[in-house]
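As structure tokens, the structure follows; a few thoughts come after it.
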Amino acid sequence: MVSVQYAESYDDRLMEKAVAAHFAALDIPRLLKPGMRVVLKPNLLMKRRPDAGTTTHPALVAAIIRALRKHGVEDITIADSPGGPYTAPLLAGIYKASGMEEAAKTAGAKLNFDLGTVEMRCPDPAVSPSFPIIKPVAEADLLISVCKLKTHCMAGLSGGVKNLFGCIPGLTKPDYHWRCPKEEDFCNMLVDLCETVRPAITFCDAVVSMEGDGPSSGTLRQTGMVLCADSPYELDVALCQAIGRSDEEILTIKKARERGICVKRFADLEIAGGPLKCFPDFKKPRTVSTDFITGAPGFLQPLLRPIVRRFLTARPKVDLKRCVGCGKCAESCPAHTIGITGGKARIGDKACIRCYCCHEMCPIGAISVEQNRLLRL
């Protein structure tokens with residue numbers, strides 16, 4: 001089931017009303033027990049203010065905390081591993097900037113500073129048999145994911161499933177991009193991860209969403225919803241419908257369907273509240289392009305695929321006038337193909353695996369995603 005509630009702003013009363021309706025629709029209190037450890041996993045990608053629309057809004061997180069406490073849960077922790085190193089100073093800065101520090105203080109939750117990890121095995125892996133998972137998530141009695149509706153230049157959608165990538169610590173995340181440079185393998189790995197940590201409930205902040213070149217450099221759009229589901233896959237199916245994307249384009253959904261753990265189509269979803277608001281003109285990332293090889297004879301496709309990837313796939317480009325040489329892009333590059341020369345970032349194009357981590361992690365938006373000119377005609 002996917003529960004849909006409308007909210008035109010992050011007003012505390014609207015957030016509490018939406019969360020209360022979700023608790024009732026999904027019967028969330030049945031999951032709650034006194035003394036249990038509950039972890040809220042928001043999207044805290046980078047050090048950004050709430051109004052930048054890059055991170056989960058603290059008003060929604062605070063409303064969930066208050067609802068949990070109302071039902072007798074007292075041990076509540078906010079935890080995520082944002083982009084970059086997994087260190088206490090970095091976490092502290094992001095908690096403060098994103099508003100999570102204030103949300104935890106006023107609503108009654110803890111902020112995670114435990115930097116330990118626990119190796120967790122995937123029950124039925126397709127790509128990754130196990131994952132190093134940040135300790136609070138691995139040891140939680142109940143995990144609640146609180147994602148943000150954004151487009152994503154590699155995965156297509158930053159929703160319920162993609163949000164769980166932050167359960168992997170710090171600079172271990174680029175290593176998974178390096179192991180899975182193909183989008184299909186990367187998204188299959190994300191499904192493995194989702195099956196490993198298994199969030200009981202997933203909320204989605206879709207009050208203000210991000211379209212275009214998300215998850216950090218897109219443009220904001222008022223979408224006026226808070227969603228909630230007991231399946232992150234079903235939530236993502238609903239999100240695809242909301243932003244006018246074919247859910248077959250989103251490989252996490254496709255791979256989940258192949259495993260039999262996701263509904264076959266949006267019409268099969270049970271929607272509570274709602275109806276779902278839809279935005280068919282929601283801007284896609286520039287990394288989305290036409291598949292030129294599907295219609296080619298089967299024996300030619302393996303030959304054409306690397307040519308298409310090399311010459312027609314969108315690539316990251318540094319705006320040297322804006323670049324300040326901070327090195328965040330080089331730090332996050334799985335292929336180690338970015339260097340800082342003369343105080344500016346330089347991308348070695350031949351070794352680039354098109355994961356767009358540099359674009360995602362640039363704090364000032366100095367790295368854009370450029371399409372081949374032929375695709376713009």
Side-chain angles (χ1 to χ4, degrees), residues 5 7-20 22 38-70 73 75-84 86-114 134 136-137 143-150 158-160 162-167 201-210 214-228 328 360-361 363-365:
Q5 293 295 319
E8 293 303 318
S9 76
Y10 291 106
D11 178 84
D12 287 343
R13 290 171 296 179
L14 293 178
M15 292 297 98
E16 290 187 4
K17 181 180 178 181
V19 169
H22 290 319
V38 175
V39 169
L40 302 185
K41 195 283 173 201
N43 184 326
L44 300 182
L45 176 64
M46 62 200 313
K47 191 176 180 180
R48 290 272 176 89
R49 291 166 50 92
D51 57 10
T54 303
T55 55
T56 304
H57 201 282
L60 174 56
V61 174
I64 297 169
I65 294 168
R66 286 191 285 267
L68 289 169
R69 294 185 66 85
K70 182 179 178 180
V73 179
D75 190 347
I76 307 167
T77 302
I78 299 171
D80 188 20
S81 173
Y86 189 46
T87 64
L90 182 71
L91 288 174
I94 292 176
Y95 288 147
K96 186 175 182 63
S98 66
M100 294 299 155
E101 180 181 85
E102 184 66 18
K105 180 180 177 181
T106 58
K110 297 176 289 187
L111 299 171
N112 175 60
F113 288 100
D114 186 335
I134 59 174
V137 169
L143 174 63
I144 297 177
S145 178
V146 195
C147 66
K148 179 84 176 176
L149 174 54
K150 301 183 289 182
S158 183
K162 180 63 177 65
N163 187 47
L164 300 171
F165 198 40
C167 296
I201 294 292
T202 302
F203 285 86
C204 182
D205 169 6
V207 178
V208 176
S209 304
M210 183 177 286
S216 60
S217 298
T219 53
L220 301 186
R221 181 161 184 175
Q222 185 80 15
T223 45
M225 294 183 290
V226 178
L227 296 92
C228 187
K328 292 291 185 183
E360 182 174 329
M361 292 310 302
I364 59 170

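Remember, predicted model here, so these are calculated numbers, not experimental data.
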Distance (rounded to the nearest 0.5 Å) between M210 CE and T219 OG1: 8.0 Å
Whether Q5 side chain and K17 backbone form a donor-acceptor pair below 3.5 Å: no
Pairs satisfying side-chain hydrogen bond (donor to acceptor under 3.5 Å, both in side chains), at least one member in residues 55-65, at least two apart: none
Contacts of type side chain to side chain contact (heavy atoms under 4.5 Å, CB included), residue A67, not counting sequence neighbours: V19, F23
S209 side chain to T223 side chain, donor-acceptor N/O pair below 3.5 angstrom: yes
Those residues that, when tested against N43, pass side chain to side chain donor-acceptor pair (under 3.5 Å) (two or more places apart): none
Closest non-hydrogen atom pair between L14 and S9, with its separation: CD1-OG, 3.5 Å
V207 and M15, any side-chain heavy atoms less than 4.5 Å apart: yes
Distance in Å, I65 CD1 paired with T106 OG1, rounded so as to fall on 0.5 Å steps: 7.5 Å
CG-OG distance between L149 and S158, expressed to the nearest 0.5 angstrom: 8.5 Å
Any P42 side-chain heavy atom under 4.5 Å of I78 side chain: yes
K162: salt bridge (charged side-chain N to carboxylate O under 4.0 Å, His left out) partners, not counting sequence neighbours: none
Pairing residues for E16 by the side chain to side chain donor-acceptor pair (under 3.5 Å) criterion, not counting sequence neighbours: R66
P215 backbone acceptor or donor facing K150 side chain under 3.5 Å: yes
Minimum heavy-atom distance M361-G84, with the two atoms named: CE-N, 4.2 Å
Residues which pass side chain to side chain contact (heavy atoms under 4.5 Å, CB included) with P58, listed by chain and number, not counting sequence neighbours: P50, M100, A103
Qualifying residue for side chain to side chain contact (heavy atoms under 4.5 Å, CB included) with V39, from I144, L143, I134: L143
Distance, nearest 0.5 Å, that separates CD1 of I64 from SG of C228: 7.5 Å
Y10: partners by side chain to side chain donor-acceptor pair (under 3.5 Å), with sequence neighbours left out: K148, D205
OG1-NE2 distance between T202 and H22, expressed to the nearest 0.5 angstrom: 11.5 Å
Exercise: identify the closest heavy-atom pair between C167 and V137: SG-CG1, 4.0 Å
Side-chain heavy atoms of L40 within contact of T77, under 4.5 Å: no
Qualifying side-chain hydrogen bond (donor to acceptor under 3.5 Å, both in side chains) pairs with a residue from residues 44-53, counting only residues at least two apart or across chains: R48-T54, R49-D51
Pairs satisfying salt bridge (Lys or Arg N to Asp or Glu O under 4.0 Å), at least one member in residues 102-113, at least two apart: D75-K110
Results of side chain to side chain contact (heavy atoms under 4.5 Å, CB included) for A92 - residues two or more places apart only: F113
Residues in side chain to side chain donor-acceptor pair (under 3.5 Å) contact with D11, at least two apart in sequence or another chain: R13
Heavy-atom side-chain contact between F203 and I201 under 4.5 Å: yes
Over all atoms of both residues, closest heavy-atom pair of G365 and S217: CA-OG, 4.2 Å
Pairwise side-chain contact, P82 with L45, heavy-atom cut-off 4.5 Å (strictly under): no
Separation of L164 CG from D80 CG (nearest 0.5 Å): 10.0 Å
Minimum heavy-atom distance between S216 and E360, given as atom pair plus value: OG-O, 2.6 Å
Shortest non-hydrogen contact between A79 and N112, atoms and distance: CB-CB, 3.7 Å
Minimum side-chain heavy-atom gap T87-L91 below 4.5 Å: no
Those residues that, when tested against M225, pass side chain to side chain contact (heavy atoms under 4.5 Å, CB included) (two or more places apart): V4, Y6, A206, L227, A242, L276, K277, F279
